[in-house]
Amino acid sequence: MVFTIQNEHFTFHSFIGGYDKNITYLIQTPETERVWAVDASVPIGEFPGELKNRIAGIFITHTHGDHVAYLDQFISENPEIDIYLFERSSYRRLDHKTILISDGDVITIGQAQVKVLHTPGHYPDSCCFLLGDSLFTGDTVFIGRTGRTISAGSDVRTLYHSVYEKILTLPKEITLLPGHDYGIKPYCSLEENIKISPLLQAKDEDDFVFRMEEYERSRIS
């Protein structure tokens, strides 16, 4: 399954597949023939031939196995590819050039700029990437809810601060582009997502923890 978002500055090609409705994005800008990817969670053979070997860089939202599953394929097709990875991540590709990034960094792609937001909670090296009026959220925020905090390295209170202090303070018209197709639609505005997600309506940190606990109980029952 593929969907495309296009505006005057960018074209986002979105590919759904991988292990669990994962989404890999390819970003095109009109002034360059190169493309940039977000996550290596879909096999590169599923991309159009005119795109799969033109990938100049890949932004890793976090290093859970499903999001780096096909990184070898990306490198094989694009030997000069730059891998953008959070500076304190324990994951390393020693056989390939990795560009370590930190919170607040700005990365130029073509004539555009990508801002790095370090958003731990779901995983310590989780990052979101802000490009124009679009935010690639990985597993930090999905359509209709936040990411979960049940795996090693996750922390619900840390996630609260990432979501409420770094994402919910952004302009409400920003489009959220998550790392999985888990919602009623593959993407939506931040404003719409707040309206449809009880986890984005918490009064404070303790209320968010309570809502997350209720959400997990509802998954089990």
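- Within the 3.5 Å criterion, the main-chain N or O of Gly138 finds no donor-acceptor partner in the side chain of Thr61.
- You'll find the side chain of Phe47 stays beyond 4.5 Å of the side chain of Val35, heavy atoms only.
- Hydrophobic clustering (ILVMFWY, side-chain heavy atoms < 4.5 Å, transitive): Leu176 and Tyr182 are in distinct clusters.
- Using a 4.5 Å cut-off on side-chain heavy atoms (C-beta onward), Val163 and Leu200 make contact.
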Starting from the C-alpha separation in whole Å, work towards a yes-or-no answer on side chain to side chain contact (heavy atoms under 4.5 Å, CB included) for Ile23 and Val42. CA-CA 7 Å; Ile23 307 178; Val42 174; over 6 Å; no
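- Looking at Ser197, its side chain never comes within 3.5 Å of a backbone N or O of Ile194 through a donor-acceptor pair.
- Here Arg88 does not pair with Asp125 in a salt bridge; the nearest charged N to carboxylate O distance is not below 4.0 Å.
- Atom CG of Asp72 is separated from atom CD of Glu77 by 12.5 Å, given to the nearest 0.5 angstrom.
- Side chains of Gln111 and His9 form no contact here, defined as non-hydrogen atoms less than 4.5 Å apart.
- Under the 4.5 Å side-chain heavy-atom criterion for ILVMFWY residues, no single connected hydrophobic cluster contains both Tyr19 and Phe142.
- When only modelled atom types and interatomic distance are considered, Asp139 and His67 share a side-chain donor-acceptor pair under 3.5 Å.
- Side-chain rings of His62 and His118 stay apart, their centers remaining 6.0 Å or farther from each other.
- The closest side-chain heavy-atom distance from Ile55 to Leu26 is below 4.5 Å.
- Remark: Phe74 CZ to His96 NE2 distance equals 12.0 Å, nearest 0.5 Å.
- Atom NZ of Lys166 sits in a crowded spot, with more than 12 heavy atoms from other residues, nucleotides or ligands closer than 6.0 Å.
- When side chains are defined from C-beta on, Ile174 counts as touching Leu130, because their heavy atoms get closer than 4.5 Å.
- The neighbour count for Glu33 CD, taken as heavy atoms of other residues, nucleotides or ligands under 6.0 Å away, does not exceed 12.
- Between Phe3 and Tyr25, the ring planes are perpendicular. Angles over 60° get that label, and only those under 30° would be called parallel.
- Under a hydrophobic clustering in which Ile, Leu, Val, Met, Phe, Trp and Tyr are joined whenever their side-chain heavy atoms come within less than 4.5 Å, directly or via other members, Met212 and Leu168 fall into the same cluster.
- Between Phe86 and Asp103, the shortest heavy-atom distance links the atoms CE1-N, 4.3 Å.
- Clustering ILVMFWY residues whenever any of their side-chain heavy atoms sit less than 4.5 angstrom apart, transitively, puts Tyr91 in a cluster other than the one holding Leu100.
- Ile150 CD1 to Glu216 CD: the interatomic distance, rounded to the nearest 0.5 Å, is 5.5 Å.
- Checking each of Val116, Thr137, Leu117 against Phe129 for a side chain to side chain contact (heavy atoms under 4.5 Å, CB included) leaves exactly one that passes, namely Val116.
- Pro43 approaches Gly18 most closely through the heavy-atom pair CD-N, 4.5 Å.
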Please report the C-alpha distance between Lys172 and Glu192 in whole Å, then the side-chain angles of each, then the deciding distance to 0.1 Å, and finally whether the side chain to side chain contact (heavy atoms under 4.5 Å, CB included) criterion is met. CA-CA 8 Å; Lys172 297 302 183 284; Glu192 181 179 357; over 6 Å; no
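- Judged purely by distance below 3.5 Å, without hydrogens or angles, the side chains of Tyr215 and Arg219 pair a donor atom with an acceptor atom.
- Linking ILVMFWY residues whenever their side-chain heavy atoms come closer than 4.5 Å, directly or via other members, leaves Leu170 and Leu131 in distinct clusters.
- Remark: the backbone N or O of Val141 is not paired with any side-chain donor or acceptor of Arg145 at under 3.5 angstrom.
- Side-chain contact between Phe10 and Gln28: absent, with no pair of heavy atoms (C-beta onward) separated by less than 4.5 Å.
- There is no side-chain donor-acceptor pair under 3.5 Å between Tyr160 and Asp204.
- Under a 3.5 Å cut-off, the side chain of Ser126 and the backbone N or O of Tyr123 do form a donor-acceptor pair.
- Taking OG1 from Thr175 and CD from Glu191, the interatomic distance works out to 11.5 Å, rounded to the nearest 0.5 Å.
- Considering all non-hydrogen atoms of both residues, Lys52 and Ile44 come closest at O-CD1, 3.4 Å.
- Annotation for Glu165: atom CD counts as buried by contact number, over 12 foreign heavy atoms lying within 6.0 Å.
- A centroid separation of less than 6.0 Å is found between the aromatic rings of Phe12 and Phe136.
- Interatomic distance, CG of Asn193 versus SG of Cys188, reported as 4.0 Å (0.5 Å rounding).
- Residues Asp39 and Thr24 have side chains that never bring a donor and an acceptor to within less than 3.5 angstrom of each other.
- A distance of 5.5 Å separates OG1 in Thr11 from NE2 in His13, rounded to the nearest 0.5 Å.
- Within the 4.5 Å cutoff, the side chain of Leu190 has no heavy atoms near those of the Glu173 side chain.
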Between Ile101 and Ile107, does a side chain to side chain contact (heavy atoms under 4.5 Å, CB included) hold up when you go through it step by step? CA-CA 9 Å; Ile101 56 177; Ile107 301 156; 3.8 Å; yes
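- Judged purely by distance below 3.5 Å, without hydrogens or angles, the side chains of Thr119 and Ser162 never pair a donor atom with an acceptor atom.
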Please step through side chain to side chain contact (heavy atoms under 4.5 Å, CB included) for the pair Val68 and Ile60, ending with a clear verdict. CA-CA 7 Å; Val68 294; Ile60 305 297; 3.9 Å; yes
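- For the pair Ile58 and Val38, the minimum side-chain heavy-atom distance is 4.5 Å or more.
- Checked for salt-bridge contact, Asp66 and Lys21 miss the test: no charged N lies under 4.0 Å from a carboxylate O.
- Nearest heavy atoms, Ile16 versus Glu46: O-OE1, 4.4 Å.
- Counting only distance, with no hydrogens or angles, the side chain of Asn78 and the backbone of Ile81 share no donor-acceptor pair below 3.5 Å.
- Taking all atoms of both residues into account, the shortest heavy-atom contact from Pro178 to Pro186 is CD-O, 3.3 Å.
- In this structure, the side chain of Asp20 does not engage the main chain of His180 through any donor-acceptor pair within 3.5 Å.
- Of the possible donor and acceptor atoms, none in the side chain of Thr158 sits under 3.5 Å from a partner among the backbone N and O of Gly121.
- Nearest heavy atoms, Cys128 versus Leu135: CB-CD1, 3.9 Å.
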